[in-house]
Amino acid sequence: MVIMDFCQKMLLINLYFETVANSTLVTEFFLEIFAESWELRVLLSVLFLLLYLGSLLGNLTIVIATTVDQTLNTPMYFFLRNLSILDMCYVSVTVPNACVNSLTNHRSISVAGCAVQVFLVFFCACVEILFLTVMAQDRYVTICKPLLYPVIMNHQFCVQMTLASLFTSLIIAGVNTIKTFQLSFCCSNLVSQIFCDIPPLLRLSCSGTFNNKLLILLTLIVVTGSYFTLISISYVHILSTVLRVPVKGERGKAFSICVPHIIVVSVFFTSGAYVYLRIPVTSELVQQITLSVFYTVFLPFLNPIIYSLRNKQIKEAARKATLGFFFQSRI
């Protein structure tokens with residue numbers, strides 16, 4: 001009897017180690033595609049490609065306009081140019097691959113490729129948060145401390161904040177990516193997302209994910225929470241300052257500077273935090289993909305529209321750059 005119990009225990013131990021060994025042999029993941037129907041897949045792929053091209057064109061226009069026009073050589077447009085460059089990279093990480101996968105029905109992605117995509121998505125998201133925070137501080141100094149603006153928002157400070165944002169995001173994204181891919185994956189290798197992201201990967205793990213969820217929660221609290229608080233405090237001060245301005249024209253000008261930024265911050269923080277905070281819950285696939293698309297695809301597309309729609313300087317600079325390019329090409 002004792003021998004039988006011992007044999008059963010040894011068999012269970014062998015099965016356990018075989019499962020763990022098999023879980024580490026996952027060499028590829030399978031991503032979701034836009035739809036099972038070919039017609040709908042083509043329609044959505046064309047829509048996303050148009051959004052992608054529109055995002056590239058809009059952000060590239062801002063980069064060129066703010067670079068060529070010397071009158072836009074200010075900290076506000078410096079950070080706007082950096083945000084546009086980031087958004088072009090951000091949207092390029094996910095959309096082209098998702099469209100190709102859907103059109104060719106090629107769902108597989110290697111573990112290494114998935115890790116790279118997770119890192120780049122997380123890195124771009126962190127940099128976006130930090131850039132939006134610095135842009136909020138720029139607007140705060142512009143409106144609340146205009147006399148000190150040249151001293152506080154000097155070129156050296158702008159460069160330092162940009163490098164600090166990149167370096168901080170590099171560390172945060174690296175730690176979260178490494179921690180995610182230290183897990184064992186054995187339940188399934190079908191990622192319930194059109195690109196590799198941490199929340200759907202955690203649901204595939206057959207090992208304990210408590211530390212990973214805790215790390216993401218701490219990241220959200222420390223990074224998202226603290227910077228969202230800074231942005232909120234900045235706009236509370238801005239609002240109180242603007243409401244004390246007696247001239248309605250100046251008040252409207254201040255609001256036109258701040259409103260686009262508030263819209264971008266609200267959409268980005270809300271959609272991103274919702275997706276990552278719902279890690280313990282198996283959410284609807286369509287809902288999860290839709291919310292993820294908001295902060296990875298639609299915002300890079302909407303940013304140029306939101307920031308330049310009511311900005312006469314950018315529109316004028318873009319017009320001059322376009323005309324200059326057109327006449328040079330004709331010559």
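Here the structure is a predicted model, which means the values were calculated and not measured.
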**Item:** Co-membership, hydrophobic cluster, residues Leu103 and Ile33, 4.5 Å side-chain
**Value:** no
Taking distance alone, no hydrogens or angles, what donor-acceptor pairs closer than 3.5 Å link side-chain atoms of residues 150-159 to residues at least two apart or in another chain?
residue	atom	partner	partner atom	Å
Asn154	OD1	Gln156	N	3.2
Asn154	OD1	Phe157	N	2.8
Asn154	ND2	Val151	O	2.8

Applying the 4.5 Å side-chain criterion to the ILVMFWY set and letting contacts propagate, would Ile231 and Val236 be lumped into a single cluster?
no
side-chain hydrogen bond (donor to acceptor under 3.5 Å, both in side chains) filter on Gln117, not counting sequence neighbours, yields none
In short, His237 meets Ser240 closest at the heavy-atom pair O-OG, 2.8 Å
So if you build clusters from Ile, Leu, Val, Met, Phe, Trp, Tyr with side-chain heavy-atom gaps below 4.5 Å, do Leu49 and Leu44 land together? no
Cluster question for you: counting only ILVMFWY and a side-chain heavy-atom cut-off of under 4.5 Å, with indirect links fine, are Leu60 and Val93 together? yes
With sequence neighbours left out, the residues meeting side-chain hydrogen bond (donor to acceptor under 3.5 Å, both in side chains) with Thr104 are none
Applied to residues 155-168, the salt bridge (charged side-chain N to carboxylate O under 4.0 Å, His left out) test, sequence neighbours excluded, yields none
dist Tyr77:OH -> Thr67:OG1 (nearest 0.5 Å) comes out at 13.5 Å
Scanning both residues in full, the closest heavy-atom pair of Val121 with Cys196 reads CG2-O, 4.4 Å
Next item on the list: Could you go through the side chain to side chain contact (heavy atoms under 4.5 Å, CB included) check for Phe78 and Thr66 one step at a time?
Entry: CA-CA 8 Å; Phe78 173 81; Thr66 54; over 6 Å; no
**Prompt:** Taking C-beta and beyond as the side chain, do Phe79 and Thr162 meet within less than 4.5 Å on heavy atoms?
**Reply:** yes
Item to check | Under 3.5 Å donor-acceptor, Thr209 side chain and Asn212 backbone | outcome: no
Taken to the nearest 0.5 Å, the spacing of Leu190 CG from Ser192 OG works out to 7.0 Å
Worksheet item: Does the side chain of Leu80 come within less than 4.5 Å of Met135's, by heavy atoms?
Response: yes
Hits for side-chain hydrogen bond (donor to acceptor under 3.5 Å, both in side chains) against Ser234, two or more places apart or cross-chain, chain-then-number order -> Gln137
Sorted by chain and residue number, the side chain to side chain contact (heavy atoms under 4.5 Å, CB included) partners of Leu147 (sequence neighbours excluded) come out as none
Contacts of Ser108 meeting side chain to side chain contact (heavy atoms under 4.5 Å, CB included) (sequence neighbours excluded), chain-then-number -> Glu28, Phe30, His106
By side chain to side chain contact (heavy atoms under 4.5 Å, CB included), Leu201 pairs with (sequence neighbours left out) Phe29, Cys114, Val118, Thr180, Phe181, Phe185, Val191, Leu204
Output side-chain donor-acceptor pairs under 3.5 Å for residues 95-102, partner residues at least two apart or in another chain, one line each.
residue	atom	partner	partner atom	Å
Asn101	ND2	Asn97	O	3.3
Ser102	OG	Phe34	N	3.1
Ser102	OG	Ala98	O	3.2

In this structure, CD1 of Ile198 is separated from CG of Leu202 (nearest 0.5 Å) by 7.0 Å
Is there a continuous path of hydrophobic side-chain contacts, each under 4.5 Å between heavy atoms, that joins Leu220 to Leu130? yes
Residues pairing under salt bridge (charged side-chain N to carboxylate O under 4.0 Å, His left out) where one sits in residues 97-126, two or more places apart or in two chains, turn out to be Glu36-Arg107
When rounded to the nearest 0.5 Å, the distance separating OH of Tyr149 from SG of Cys144 is 13.0 Å
### Query
So, the side chain of Arg81 versus the backbone of Val63: is there a donor-acceptor pair under 3.5 Å, distance only?
no
Distance-only donor-acceptor pairs under 3.5 Å for side chains of residues 50-57, two or more places apart:
residue	atom	partner	partner atom	Å
Tyr52	OH	Ser92	OG	3.0
Ser55	OG	Asn59	ND2	3.3
Ser55	OG	Pro300	O	3.1

- prompt: Are side-chain heavy atoms of Arg139 and Ile238 found at a separation under 4.5 Å?
  reply: yes
Considering only distance and modelled atom types, tabulate donor-acceptor pairs under 3.5 Å from the side chains of residues 164-178, sequence neighbours left out.
residue	atom	partner	partner atom	Å
Ser165	OG	Met161	O	2.7
Thr168	OG1	Ala164	O	2.7
Ser169	OG	Val127	N	3.2
Ser169	OG	Ser165	O	2.8
Asn176	ND2	Ile172	O	2.9
Thr177	OG1	Ala173	O	2.7

To the nearest 0.5 Å, atom CG of Leu31 lies from atom CG of Asp197 at 11.0 Å
Please lay out, stage by stage, how Val134 and Asp138 fare under the test side chain to side chain contact (heavy atoms under 4.5 Å, CB included).
CA-CA 6 Å; Val134 177; Asp138 174 76; 5.7 Å; no
request  = Kindly indicate whether the side chain of Leu86, heavy atoms from C-beta on, has any atom under 4.5 Å from the side chain of Cys124.
outcome  = yes
Here the gap from Leu230 atom CG to Tyr140 atom OH, rounded to the nearest 0.5 Å, amounts to 11.5 Å
